[in-house]
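We name chains A, B, ... by the order of the sequence lines, and we start the count at 1 in each one. Note that the structure is predicted; figures quoted are calculated from it, not measured.
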Amino acid sequence: MTQTYISDIAAQEGQDVELRGWIYNFRSSGKLKFLQLRDGTGVIQCVMSKKNVPEASWEVGEKLTQETSIIVHGTVNKDDRAPSGYELWVSDVELVGESEDYPISPKEHGDAFLLDHRHLWLRSSRQHAIMRVRHNVIKAIRDFFDDRGFINLDAPIFTPNAAEGTSTLFETEYFGDKAYLSQSGQLYMEPGCAALGKVYCFGPTFRAEKSKTRKHLTEFWMLEPEVAFMDLDGCMELGEDLICFIIERILERCQMELKTLERDVSKLEAVKTPFPRIHYQEACDLLVKKGTDFTPGDDFGAPDEEALSEGYDSPVIIHRFPTKIKAFYMKCEADDPETSLSCDFIAPEGFGEIIGGSQREDNAEILERKIREHDLPREAFQWYLDVRKYGSFPHSGFGLGLERTISWICGVRHVRECIPFPRLMHRLKP
RNA sequence: UCCUCGGUAGCUCAAUUGGCAGAGCGGGUGGCUGUUAACCACUAGGUUGGGGGUUCAAGUCCCUCCCGGGGAGCCA
């Protein structure tokens, strides 16, 4: 008999089917057993009556523990008493693999314990829902750019130098030389867009900063599109279109998962273009008015971000930050070198910055001066300067943090639940 | 690096002023034909993170080290 998946069970009402999976939970009333079986696609209640199964099957039933793997045959039955609305009337059960002392009981657990058992934690319904949303966000991102004629041009992970010269890098040995794990693919996307017009990279990036907050991972996934002849306005439009596309896709395909996560879906349905755009100076005035202990001229802290996004359903775009608090490669206003053509997208509900972008400096002389001012080694950036030497052109791009985006969409407070195996400052296992 | 909170049974937590170290879940045994985090009875389970100190007496007070959570800085 061929295997049926629980996600397809509704179409099999009244049929005899074979399910293969793991015991999620079970209850017994003497001669009647209720098994919650999961197979990765869903969970279904299996009802086993002593008088309706062979003795060998009943004995298997007596030995079941949490996460025992089994093959079960039975008839699909619609019943409102079953948690999913359908249940399986069991005709026989076959033991596949025993499970002794499964550590994650159906009661609550602490974060540290769950993270230590991340490989098992992924079997629980909440994690399951988050991983399904993650999958769909990734698919939506790729579809969005594919439909717009972008080329996926991935950047290297081993890099010879610091991309922005600010963040701490993970150093590794490279045949007797030093190499660093990439903290951004952006510098590689700039020559990329000169070659192919519209490109994006999408892969893991690494930050060795000693940040222990719910918004930080040492290894996270970042999407970085870069477009030739696109200015800052185009960059902000691309970002908001992308986010709306992702949200619409998730609302369309992940209603079950959002329900499992108890996400207030109306918050996501309210996300609409155009997103509010606030000039940095205007944001400073707002913060002073709101009374956060913010110093105008500085970058925003987490409480400032939350104050700025307050009252908006869509992410808020803050644009034109002071040049001195932004990366060296960002272009300045033509008539105001103190102001950079930059933008940050701050998600609603306190989920923080999800996009950082800018128009890039396309003037070779200005860029060389900035590299000097930031004390960066010019030789290391020769190839990057070549983008300006051979047919320079205006161009822009941004970076979107995948896990932060998922965290917002799922309403999950901590990014560590938004990646299968999180890497944190104090955690490299499992 | 700094601030802050914490570490007690496999897990989540309690333990009054310093006075016999406990509960729920999970495990084990038995019972129950419609359970929904099932329920009922019984049962096993402890170097209270490590070391040192004060005291008749320390989970509790002091010193020190280790480990972890939240946050700051930095960033997506």
- prompt: Judged by modelled atom types alone, do N152(A) and R142(A) share a side-chain donor-acceptor pair under 3.5 Å?
  reply: yes

query: Could one point to a donor on the side chain of T65(A) or the base of rG27(B) with an acceptor on the other under 3.5 Å away?
result: no

message: Taking the nucleotide of RNA chain B with the nearest heavy atom to each, does D79(A) or L217(A) sit closer to the 5' end?
response: D79(A)

- request: Give a yes/no answer on whether the side chain of K210(A) brings an N or O atom under 4.0 Å of OP1 or OP2 in rU1(B).
  value: yes

- prompt: Does R263(A) reach the main-chain N or O of W408(A) with its side chain, forming a donor-acceptor pair under 3.5 Å?
  reply: yes

message: What contact category does R413(A) fall into here, base, sugar-phosphate, or nothing, at under 4.0 angstrom with non-hydrogen atoms?
response: nothing

Aromatic ring proximity, centroids under 6.0 angstrom, F381(A) and F328(A): yes

message: I need the CG-C1' distance between D116(A) and rG49(B), as an integer number of Å.
response: 14 Å

- prompt: Is D336(A) salt-bridged to R320(A), going by a charged N under 4.0 Å from an acidic O?
  reply: no

field: Euclidean distance for P, rG7(B) against rU16(B) (whole angstrom)
entry: 13 Å

- prompt: In whole angstrom, what separates D111(A)'s CG from rG70(B)'s P?
  reply: 6 Å

message: Any base atoms under 4.0 Å from E87(A), or only sugar-phosphate, or nothing? Heavy atoms, all strands.
response: base

- line: Closest to the side chain of S29(A), out of rG68(B), rC32(B), rA72(B), is rC32(B)

query: Would you call D304(A) and K290(A) a salt bridge, taking side-chain N to carboxylate O under 4.0 Å as the test?
result: no

task: Respond yes when some side-chain nitrogen or oxygen of H414(A) is under 4.0 Å from OP1 or OP2 of rG70(B), and no when none is.
output: yes

task: Could you tell me whether the side chain of H426(A) has a donor or acceptor atom within less than 3.5 Å of a complementary atom in the base of rC67(B)?
output: no

query: If you count the non-hydrogen atoms of other residues, nucleotides and ligands that lie under 6.0 Å from OH in Y102(A), is the total more than 12?
result: yes

query: What stems involve RNA chain B, if each pair must be Watson-Crick or G-U and both of its distances must be under 3.5 Å, with 3 or more such pairs in a row?
result: B:1-7 with B:66-72, B:10-13 with B:22-25, B:27-31 with B:39-43, B:49-53 with B:61-65

field: Spacing of the P atoms in rC20(B) and rA15(B) (rounded, Å)
entry: 14 Å

query: Would you say R214(A) reaches rG71(B)'s phosphate, i.e. side-chain N/O to OP1/OP2 under 4.0 Å?
result: yes

query: Under 6.0 Å from the CD atom of E373(A), do we count more than 12 heavy atoms belonging to anything else shown?
result: yes

- prompt: Would you say the base of rC25(B) and the side-chain of S105(A) have a donor-acceptor pair closer than 3.5 Å?
  reply: no

field: Heavy-atom donor-acceptor pair, S342(A) side chain to S358(A) backbone, under 3.5 Å
entry: no

statement: Looking only at rC75(B), rG34(B), rG68(B), the nucleotide nearest the R207(A) side chain is rC75(B)

statement: Side-chain atoms of W89(A) come closest, of rG71(B), rG34(B), rC75(B), to rG34(B)

message: Among rG69(B), rG27(B), rC74(B), which nucleotide has an atom closest to any side-chain atom of R416(A)?
response: rG69(B)

message: Can you identify which nucleotide, out of rA76(B), rG34(B), rG69(B), has its nearest atom closest to the M222(A) side chain?
response: rA76(B)

message: Say we look at rG45(B) and rG52(B): how far apart would their C1' atoms be, to the nearest angstrom?
response: 30 Å

query: Across the strands shown, which category fits K51(A) at heavy-atom distances under 4.0 angstrom: base, sugar-phosphate, nothing?
result: base

- request: Could you give the distance separating rG10(B) and rU1(B) at their P atoms, to the nearest angstrom?
  value: 32 Å

- prompt: E353(A) side chain: which of rA76(B), rC74(B), rG34(B) is closest?
  reply: rA76(B)

query: For the residue pair F300(A) and F294(A), does the interplanar ring angle fall in the parallel (under 30°), tilted (30 to 60°) or perpendicular (over 60°) class?
result: tilted

- request: Using only heavy-atom distances, decide whether a donor-acceptor pair under 3.5 angstrom links the side-chain of H109(A) to the base of rC11(B).
  value: no

task: Considering only atom P, compute the distance from rG51(B) to rU8(B) and round it to an integer number of Å.
output: 15 Å

field: Pairwise P distance, rU48(B) and rC3(B) [rounded to whole Å]
entry: 30 Å

message: Would you measure the distance from the P atom in rG24(B) across to the matching atom in rC32(B) and give it in whole Å?
response: 24 Å

query: Among rA76(B), rG27(B), rG71(B), which is the nearest nucleotide to the side chain of D101(A)?
result: rG27(B)

- prompt: Would you say the side chain of Q66(A) and the base of rG27(B) hold a donor-acceptor pair, judged only by whether the two atoms sit under 3.5 Å apart?
  reply: no

Candidates rC32(B), rC74(B), rA72(B) - which lies nearest the side chain of A302(A): rA72(B)

